[in-house]
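This report concerns only the one structure given below.
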Amino acid sequence: MRRTAALLGLPLLMIVAGCASAGSDPTVDPADSDPRRDAFAQRATEVAGAWRPAPTWATGYVPMQDATVLLGDPGFTEETKTAFLSGWYRDQIDLPAAKPADGTIRFPDGTLTVPLVSAADAYGQLDQGDPPPCDGRPKGPAGPKFPGGARPGGPTIEPGPDGPVSSSAPQTACVPLTVTAVKLGTAPVRTSRGEAQVPAWLFTVEGLAAPVARVAVAPQAVTAPPEPAAPAQPAPEGVVGAQDVQSVDGAELTWRLGVGSCDTAITPLVQERDDVVVVGGSVIPSTGVCNAMLKIEPVTATLKAPLGDRPVLDVLTGAPLRLAAS
């Protein structure tokens, strides 16, 4: 759903506070000029003008976040969070290998019927391998994997994708998440058409208070985001790009900037239009000796209107930004 006259004809909107409060007016006074902000404005205008998505952006399924979604607060411990972020799983159930009937994605502006994958295929996408062994710790509890079966020595390290994903020792115990049940349901996913309810396999995981959902849409029904159209000119001095979107809450938008570890005066900047939102930031680069490490800095701003289905574009690359993994 596109906005109508609410934002049409408005001048460039720039948010320069670390977190503009709800109801505040973030419009910059034209007389209050700043070279970095002005450079951002010029580049953001070029990026917004070059945005030309294919028709599938408005008609297909273009996910703008990872296909693994947490349905609520999981109540992570340090160990379970490490396992979730690493994709370490083991199953104690029979996973249906049959493909279900086609499912329906429900967008704010309509629906789309799509083919689905089986629970077994979804689990195969969810499971990124076994954790590396930890000295003196089992990888998981011993016990039956299937009814009537036994796992006398705990899970084994299987070849291929279920082998250890890292040879370095992690900081927490090397214990995978145990899947105890699965059912077909839906999960909220941010897409090119706003937040949609998407068919997903919901995995019950031992030790987590919320299910882990894996989107069930078959790969042939998924459309990739368009290639970015970055401006030809190099990045302006003191202007930094966005890495991803961290959260969307109505009109409140949080994104993460990539800044130098010695940069100062980190300021979020945004150009808000009727069809797109361009984000980035400005910094004062260090003039002294500093390392070349990239620091990820979250920043928040309040838009003039809820984000809705508008894409969020990076001011440096012109790429549409994905919602960061939980």
Side-chain angles (χ1 to χ4, degrees), residues 1-3 7 13-22 26 40 43-44 47-48 50-51 53 57-58 60-73 84-85 107-109 187-198 213 215 222-230 235 239-259 266-283 294-326:
M1 180 178 65
R2 299 293 177 193
R3 279 162 181 71
L7 296 175
L13 301 179
M14 308 294 293
I15 300 174
V16 296
C19 180
S21 60
F40 169 88
R43 186 158 180 118
V47 165
W51 175 246
W57 182 263
Y61 173 55
V62 187
M64 297 305 296
Q65 69 176 86
D66 189 72
T68 300
V69 182
L70 282 168
L71 300 184
D73 183 358
F84 174 79
L85 293 176
F107 301 96
D109 62 353
V189 177
R190 179 153 187 84
T191 75
S192 61
R193 299 163 65 177
E195 186 174 277
Q197 289 295 323
V198 181
V215 169
V222 179
T223 302
E227 290 296 321
V239 175
V240 294
Q243 305 297 302
D244 53 33
V245 172
Q246 196 165 39
S247 66
V248 179
D249 185 5
E252 187 174 274
L253 181 66
T254 299
W255 65 98
R256 298 194 296 183
L257 298 173
V259 304
I266 300 169
T267 303
L269 297 173
V270 57
Q271 184 181 110
E272 183 177 0
R273 295 187 168 211
D274 183 52
D275 58 342
V276 298
V277 174
V278 184
V279 298
S282 68
V283 299
L294 179 72
K295 183 173 70 171
I296 304 301
E297 186 76 19
V299 292
T300 299
T302 302
L303 306 175
K304 283 288 191 177
L307 180 64
D309 62 356
R310 291 178 292 174
V312 181
L313 308 180
D314 171 42
V315 70
L316 295 190
T317 65
L321 297 174
R322 292 170 58 88
L323 186 65
S326 301

Atom of [X], atom of [Y] and distance for their closest heavy-atom approach:
X	Y	answer
G281	L257	N-CD2, 3.7 Å
V279	A242	CG2-CB, 3.9 Å
P268	T300	CG-O, 4.2 Å
P108	R193	CD-O, 3.3 Å
A305	R310	O-NH2, 3.2 Å
V240	G258	CB-O, 3.6 Å

First locate atom [atom1] of [X], then atom [atom2] of [Y], and finally report the distance between them rounded to the nearest 0.5 Å.
X	Y	atom1	atom2	result
L323	T191	CG	OG1	11.5 Å
Q271	L313	CD	CG	10.0 Å
Q246	L253	CD	CG	10.5 Å

Set of salt bridge (charged side-chain N to carboxylate O under 4.0 Å, His left out) partners for R190, sequence neighbours left out: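 R190 satisfies salt bridge (charged side-chain N to carboxylate O under 4.0 Å, His left out) with no residue once adjacent residues are dropped.
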
So does [Y] get a backbone contact from the side chain of [X], meaning a donor-acceptor N/O pair under 3.5 Å?
X	Y	value
W57	P225	no
D249	E252	no
E272	K304	yes

Between [X] and [Y], is any pair of side-chain heavy atoms under 4.5 Å apart?
X	Y	answer
V278	W51	no
V215	Y61	yes
P188	L71	yes
V239	R43	no
F84	L70	yes
L269	V315	no

Residues D244 and R322 bridged, charged N to O under 4.0 Å: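 Salt bridge between D244 and R322, a charged N being under 4.0 Å from a carboxylate O: no.
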
Residues T267, F40; criterion side-chain contact (heavy atoms from CB on, under 4.5 Å); working and verdict: CA-CA 11 Å; T267 303; F40 169 88; over 6 Å; no

All side-chain contact (heavy atoms from CB on, under 4.5 Å) counterparts of P228, not counting sequence neighbours: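 Testing P228 for side-chain contact (heavy atoms from CB on, under 4.5 Å), a comparison that skips the adjacent residues, returns A319.
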
